[in-house]
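Any value given below was found using the heavy atoms of this structure, including those in side chains, with hydrogens, waters and symmetry copies removed.
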Amino acid sequence: MRGALAVLALLTAPAALAADIGSWSGGAGLSYSTGDYGTGRSTSIWTVPFMLRYDNAPWALKLTLPWYEISGDSSVVPGLGSVDRSRRRGGGSITGFGDLTIAATNSSYYDSASRTGIDFTGKVKLPTGEEDKGLTSGSTDFTALAEVYKGFDRLTLFGGLGYTVFVGGNFSLRNAVVYSLGGKQALDARDSVGLSFDGRTRVADGAGEQRELMLFWMRTIDRSMKVQAYFLRGFADGSPDWGVGASFMHAF
């Protein structure tokens, strides 16, 4: 029920904001990941994220609602890894919507001469997932993130540092530091490739840290359409062993 309400909120957001300025875009993706998350048993996750974005410089607002199909250990919660090993899903798989994430980014500073910029992002993850299926931690998560980037010819380097606070929920989660570091190389006017390393500190006893290396490709098809694909390799128990995915965004 909460997943259905979140879908409704996602689809009606343009009318709710009631703003006839800026630009809207929407999209979806498909990803697959697998890993044992330190449990000794493989867990596979299919994810279909639905995305809605509103841009009105210097602000950008993005809503993301994922749909999951999960097979494996029931202690694995999407986005957290294994957090409660007393639970076991048994055979088969579960499907359903996960938690709705709302993110607002402000492009606070950019110097065109040095091609250096700073963005600040605030995120709220609402516990809209189906608790009886283990698709949510039940907590409301607040994340503050600062990101710095600098351009060198066709290369852009970037790094970010943030902090997540978990409020309420079904588990005793502790606040975590999140970080990222990487770069993106433009191949031509349409295509670019990049590499990023992302991580998060441990969020619960028995849960591993997250450390992930991602290789990605982005293409601008035209002014209204962008696509992206990636390959991910995990290096900690809180991350999948590997994953692949693709997504698109279309302006309207």
To check you understand the geometry: which heavy-atom pair defines the closest contact between [X] and [Y], and what is its length?
X: Gly208; Y: Arg202; result: CA-NH1, 3.9 Å
X: Ser75; Y: Ser82; result: OG-OG, 2.9 Å
X: Leu232; Y: Glu212; result: CD1-OE1, 3.5 Å

Greater than 12 external heavy atoms within 6.0 Å of Lys150's NZ: yes
Please answer whether the main-chain N or O of [Y] pairs with a side-chain N or O of [X] as donor and acceptor at a distance below 3.5 Å.
X: Gln185; Y: Leu195; result: no
X: Asp36; Y: Arg41; result: no
X: Asp153; Y: Leu155; result: no
X: Asn56; Y: Trp59; result: no
X: Lys62; Y: Met51; result: no
X: Thr116; Y: Asp111; result: no
X: Thr128; Y: Gly98; result: yes
X: Arg233; Y: Met214; result: no

State, yes or no, whether a side-chain contact exists between [X] and [Y] at a heavy-atom distance under 4.5 Å.
X: Thr34; Y: Pro240; answer: no
X: Arg174; Y: Phe166; answer: no
X: Val76; Y: Ile70; answer: no
X: Leu30; Y: Trp46; answer: yes
X: Ser137; Y: Asn170; answer: no
X: Lys184; Y: Phe216; answer: yes
X: Leu63; Y: Phe50; answer: no
X: Pro78; Y: Thr47; answer: no

My understanding is that a hydrophobic cluster links ILVMFWY residues whose side chain heavy atoms are under 4.5 Å apart, including indirect links. Using that, what else belongs to the cluster containing Val178? Leu145
What's the separation between atom CG in Asp198 and atom CZ in Arg211, rounded to the nearest 0.5 Å? 12.5 Å
Interatomic distance, CE@Met249 vs CE@Met225, rounded to 0.5 Å, equals 10.5 Å
Joint cluster assignment, Val193 & Val244, ILVMFWY side-chain distance < 4.5 Å: no
Could you name each residue pair satisfying ring pair (Phe, Tyr, Trp, His ring centres under 6.0 Å) that touches residues 98-149, not counting sequence neighbours? none
Aromatic ring pairing Trp24/Phe252, orientation class (parallel under 30°, perpendicular over 60°, tilted between): parallel
Aromatic rings Phe231 and Trp242: how do their planes relate, parallel, tilted or perpendicular, breaks at 30° and 60°? parallel
Is there a side-chain hydrogen bond (donor to acceptor under 3.5 Å, both in side chains) between Ser180 and Ser196 once you walk through the steps? CA-CA 7 Å; Ser180 64; Ser196 67; over 6 Å; no
From the options Thr140, Thr64, Asp99, select the one residue that forms a side chain to side chain donor-acceptor pair (under 3.5 Å) with Lys125. Asp99
Test side chain to side chain contact (heavy atoms under 4.5 Å, CB included), reference Leu80, set Thr136, Asp141, Leu173, output is Leu173
